[in-house]
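So the structure is just underneath, and the comments pick up after that.
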Amino acid sequence: MNYKIPRGTYDILPKDSAKWQYVQRIFRETAASFGYEEICTPIFEMAELFERSSGESSDVVQKEMYRFQDQKGRDFALRPEGTAPVVRSFVENHLDLQGGRHKFYYIGPMFRYDRPQKGRYRQFYQYGIELIGSNHPFFDAEVISLEMQFLKALGLKKIRLEINSVGCAECSSDYDAALQDYYRPHLAELCPDCQKRYEKKPRRLLDCKVPSCKVLRQDAPSQLDYLDAPCRDHFAQVQSYLNDMQIDYKINPAIVRGLDYYTNTAFEIIVDDLGAQNSLAGGGRYNGLIAAIGGKDTPAIGFAGGFERLLLAMQNEGISTAEPLKPQIYIIGIGEAAQKVVIQLLSQLRNRGIYAEYNPDKSSFKAQIKAANAMGAAYAGIIGEDELSSGMISLKDLASGEQSTVDPSDLPNLLIESKNKESNNL
Ligand code: HAM
């Protein structure tokens with residue numbers, strides 16, 4: 001039996017893991033610089049949580065959830081997204097009763113049974129933030145600026161921000177009615193999915209990828225003409241804050257988002273050379289969600305992005321990420337008697353956080369030096385008969401070839417200093 005990885009998933013091999021750690025580190029640092037702290041929630045939740053939040057008629061719930069029953073017949077789903085679990089945790093831990101602003105960030109795998117293709121997987125990794133507790137339009141702009149700051153820190157340039165307002169519960173129902181009026185004479189021309197959308201969630205008609213539906217939507221009414229006065233004002237203020245922050249954006253009334261919980265601001269970051277899966281990140285306000293799942297009515301906004309698309313975009317722009325891990329020192333023990341000293345030295349160095357390598361498989365000195373060079377080690381530490389009798393270590397700088405004799409107790413500090421010097425010179 002040959003075991004195969006499930007379709008739409010992938011392994012991150014050690015040769016690639018430094019890249020993943022790098023982008024995650026920059027995201028964590030950016031989130032921390034805006035005052036966000038990490039939240040971790042389970043990868044499975046009650047399936048009903050996603051039905052209530054993402055919407056029963058959304059593709060995510062209708063077609064894409066990995067749903068299962070446990071041994072006691074309880075209905076669970078692998079999380080298709082991170083917002084509903086954060087909100088569930090917020091309410092369950094009574095944070096809604098504390099008032100004030102709460103800032104969360106998360107990183108983790110999400111699951112959607114979608115047709116796999118470049119940039120679209122069945123298990124994918126999202127990074128995201130949620131700011132719960134304010135409806136001030138400044139925070140809409142600030143949340144967007146966090147994502148822009150993150151992408152800038154990574155060096156991405158070919159990205160654009162598109163924003164829209166999907167209105168509040170009242171004005172969005174006026175808009176749904178206007179869309180139904182517009183589409184009614186064309187019902188027979190719509191694809192079967194859109195015929196269902198027409199009944200259940202008319203704005204989803206704007207998101208259809210079927211060519212004939214795309215043509216029809218060109219003359220559909222615009223969401224922005226149906227915003228009520230407070231929603232119009234909120235959207236104008238978001239734009240004004242974005243202008244003050246010198247963040248470029250385009251207004252795109254066709255942004256509807258695939259999940260049902262959005263109110264007011266909705267936005268996406270687009271990267272054109274990613275092909276069909278060109279949305280790098282997306283988010284928006286969801287002022288009704290906390291009350292909808294049983295908490296105190298509390299406004300909120302957030303976004304999430306996919307690491308896979310991010311890494312693809314970086315690759316397309318020729319942005320290199322982290323260097324592979326290289327040993328600071330490769331220890332060579334010559335002869336049986338050296339082995340004990342080598343093992344003690346290895347643990348002393350590793351206790352100080354120094355990456356030290358040793359490989360007793362390689363017998364000759366020549367083979368050991370070759371291995372040290374091949375791994376890109378900065379130094380070789382040699383312990384042979386002479387070193388054993390003097391209690392010292394021979395240290396060879398593998399870049400310059402210079403050799404010196406050092407006291408083992410001085411070695412950790414010497415290696416740490418040399419590493420610091422190297423990173424200051426980068
Ligand atoms: P979303 O637009 O469904 O929003 O997903 C956000 C990002 O996750 C997408 O822009 C994309 O980069 C990535 N993504 C989604 N599906 C896949 C997939 N099948 N394969 C690879 N990447 C994928 C949300 O999930 C909301 N929870 C965002 C949010 C947070 N809104 C408010 N707060």
Side-chain angles (χ1 to χ4, degrees), residues 6-10 23 27 31 36 39 41 45 49-50 53-55 58-61 63-66 77-90 102-132 139-140 142-144 146-147 150-151 156 159-164 166 204 207 255-271 274-290 292 299-314:
R7 189 163 130 78
T9 69
Y10 54 86
V23 287
F27 176 67
Y36 284 75
I39 182 166
T41 62
E45 297 270 357
L49 172 68
F50 299 109
S53 53
S54 303
S58 66
D59 278 359
V60 163
V61 168
K63 304 179 186 165
E64 297 172 6
M65 270 211 301
Y66 278 93
L78 295 183
R79 60 181 184 193
E81 59 105 39
T83 307
V86 170
V87 169
R88 191 266 312 136
S89 172
F90 180 79
H102 300 259
K103 298 175 176 182
F104 305 96
Y105 82 79
Y106 50 90
I107 289 178
M110 307 291 160
F111 306 83
R112 294 185 193 175
Y113 188 83
D114 206 341
R115 202 164 43 79
Q117 53 177 271
K118 193 174 174 193
R120 189 159 76 193
Y121 303 91
R122 289 183 174 167
Q123 175 175 325
F124 57 98
Y125 279 78
Q126 270 190 351
Y127 60 92
I129 66 159
E130 311 296 347
L131 184 147
I132 307 182
F139 291 114
D140 303 41
E142 194 192 56
V143 160
I144 293 174
L146 192 160
E147 168 66 353
F150 170 51
L151 301 177
L156 280 166
I159 47 172
R160 56 194 165 81
L161 166 67
E162 295 190 349
I163 61 170
N164 187 25
V166 298
R204 285 270 143 66
D207 215 13
I255 292 182
V256 286
R257 312 281 301 131
L259 306 156
D260 274 2
Y261 47 65
Y262 291 105
T263 55
N264 298 96
T265 313
F267 65 93
E268 284 188 10
I269 313 278
I270 311 289
V271 182
L274 281 187
Q277 306 308 312
N278 65 359
S279 163
L280 188 64
R285 259 199 182 279
Y286 49 93
N287 286 351
L289 182 57
I290 289 134
I301 178 160
F303 75 83
F307 279 120
E308 295 79 4
R309 295 183 193 177
L310 190 67
L311 288 166
L312 273 174
M314 288 171 73

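Residue numbers count from 1 along this sequence. Because only heavy atoms are used, hydrogens play no part in the values below, and waters and symmetry mates are left out as well, while side chains stay in. Worth saying up front: this structure is predicted, and the values here are computed from it rather than measured. Just so you know, ligand 1 is whichever comes first in the structure, and atom 1 is the first atom listed for that ligand.
When only interatomic distances are considered, the shortest N/O to N/O separation between S279 and ligand 1 falls below 3.5 Å. Any N or O atom pair closer than 3.5 Å counts here, and Y286 shares no such pair with ligand 1. For ligand 1, one of its N or O atoms has an N or O atom of Q126 under 3.5 Å away. Between A304 and ligand 1, not a single N/O pair is under 3.5 Å apart. In terms of polar-atom proximity, defined here as any N/O pair under 3.5 Å, Y121 does make such a contact with ligand 1. The shortest N or O to N or O distance between G82 and ligand 1 is not under 3.5 Å.
Short contacts between ligand 1 and A281, defined as distances under 4.0 Å to a heavy atom of the residue, involve ligand atoms 10 (O). Atoms of ligand 1 lying under 4.0 Å from any heavy atom of E130, numbered from 1 in the order shown and given with element: 30 (C), 32 (C), 33 (N).
The protein heavy-atom contact nearest to atom 21 (C) of ligand 1 is G119 O, 3.3 Å. Of all protein heavy atoms, the one closest to atom 30 (C) of ligand 1 is T83 OG1, 3.0 Å. The protein heavy-atom contact nearest to atom 26 (C) of ligand 1 is Y261 OH, 3.3 Å.
Using a 4.0 Å cut-off between a side-chain N of Lys or Arg and a carboxylate O of Asp or Glu, E268 and R257 qualify as a salt bridge.
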